[in-house]
**Student:** 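Structure below; questions to follow.
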Amino acid sequence: MAAGDSGNFAGGLLEVIESEALIKFSEANVTVPLVTLKGEPKADQITFIAYNSGSNTLTSGDVAATAEGTVTPSTQLDTEKKTATLDMYSVMVPMYDEAQLSNADNIASNVGELIGNALASKADALLNALFDGFSNSVGASDAALSVDNLFDALSNLKQNSAMGQPHAVLDPRQIWGTYGVHNDLVTAAQFAGAGVQDEGARSGFVSRIAGIDIHSSPEFTVSSNAVKGGVFVSGALGMGYAGDMMRVEVYREGSYLRDNIIGSGFWGVTEIIDGYGVEVHTKVS
């Protein structure tokens, strides 16, 4: 049996169809909209410029009382260039004519959507992996995620003058279940009467905790029963791309009696300002 022939798509063969086809999508495009995006028509590397984040920064301590007739004191100010080196990411699904002609579904349309979903998931995975590089961290690999951890993360961001709305991108098990923050939020007596307990118990999700917007992503790697999510503002991470951010196209291989659907993207990710992000390392099982 060749990859992508009628055997692979047997679930939709005309003689056995009894109901609407189901397409299993992954939760995708979670982290990408929350970071700094930069695209160019052509590039091998994409750079992001961070002001006031090097060794020499401009702060209130550099502003001095200046007597009349004296020279205003000068101070050094650094900028840092952060570079994302682009790599090509791609996936292909072959679809044989026999599979398409014997199937009631529009296979090409459904496969195209799934390829786009897979590309978006991969982009999230690349960005989520950068959380491990943040210098500041909250939580512990042998403990559940708590509301206090999120307040500590917010404190870290504020101490580093992080600008913008903070977001948390977390593994689902850091949000729900025995080790999720919702368990602490809904059961802890200290939050009784605050409204969030009712919201969490009724809807199963509190969208903002400690001023931090909460997002769930499955694109994490669990290690030793723990995982590393992140709390950050958009200036913490950057994603660069050249050409179309995502491309899905079809090409015909007549000699094989098949169409190939290909998805691709030329991307790179990088940390821009370390203090604008906090790693959230907690137990998940």
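When a residue number appears, it is its place in the shown sequence, counting from 1.
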**Student:** Would you say that more than 12 heavy atoms from the other residues, nucleotides or ligands in this model lie under 6.0 Å from the CZ of F205, or not?
**Tutor:** yes
**Student:** Classify the ring geometry between Y89 and W267 as parallel (under 30°), tilted (30 to 60°) or perpendicular (over 60°).
**Tutor:** parallel
**Student:** Can you measure from CZ (R258) to CG (D97) and round to the nearest 0.5 angstrom?
**Tutor:** 10.5 Å
**Student:** Find out whether L86 and I46 are in side-chain contact, i.e. whether some heavy atom of one side chain is under 4.5 Å from a heavy atom of the other.
**Tutor:** yes
**Student:** Which pairs would a plain distance check flag for residues 277-285, meaning a side-chain donor or acceptor within less than 3.5 Å of a matching protein atom at least two apart in sequence or in another chain?
**Tutor:**
{"residue": "E279", "atom": "OE2", "partner": "S137", "partner atom": "OG", "Å": "3.2"}
{"residue": "T282", "atom": "OG1", "partner": "Q174", "partner atom": "NE2", "Å": "2.8"}
{"residue": "K283", "atom": "NZ", "partner": "S285", "partner atom": "O", "Å": "2.7"}
{"residue": "S285", "atom": "OG", "partner": "N225", "partner atom": "OD1", "Å": "3.1"}

**Student:** Where do G204 and W176 come nearest, in terms of heavy atoms and distance?
**Tutor:** O-NE1, 2.5 Å
**Student:** Any side-chain heavy atom of S216 within less than 4.5 Å of one from V30?
**Tutor:** no
**Student:** Is there a side-chain contact between I115 and M246, using heavy atoms and a 4.5 Å cut-off?
**Tutor:** no
**Student:** Is it the case that D259 and Q100 place a side-chain donor and acceptor less than 3.5 Å from each other?
**Tutor:** yes
**Student:** Same cluster for M95 and V248 if Ile/Leu/Val/Met/Phe/Trp/Tyr side chains link at under 4.5 Å?
**Tutor:**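 As far as the 4.5 Å side-chain criterion goes, V248 and M95 are connected within one cluster.
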**Student:** I'd like a table of donor-acceptor pairs (distance under 3.5 Å, sequence neighbours excluded) in which one partner is a side-chain atom from residues 163-172, with atom names and distances.
**Tutor:**
{"residue": "Q165", "atom": "NE2", "partner": "G211", "partner atom": "O", "Å": "2.9"}
{"residue": "H167", "atom": "ND1", "partner": "H215", "partner atom": "NE2", "Å": "3.0"}
{"residue": "D171", "atom": "OD1", "partner": "R173", "partner atom": "N", "Å": "2.8"}
{"residue": "D171", "atom": "OD1", "partner": "R173", "partner atom": "NE", "Å": "2.9"}
{"residue": "D171", "atom": "OD2", "partner": "R173", "partner atom": "NH2", "Å": "3.1"}

**Student:** So how far is it from L150 CG to I212 CD1, rounded to the nearest 0.5 Å?
**Tutor:** 5.0 Å
**Student:** If a pair satisfies side-chain hydrogen bond (donor to acceptor under 3.5 Å, both in side chains) and one of its residues is in residues 121-135, list it, with sequence neighbours excluded.
**Tutor:** T31-N128, N128-S217, D132-K228, S135-D274
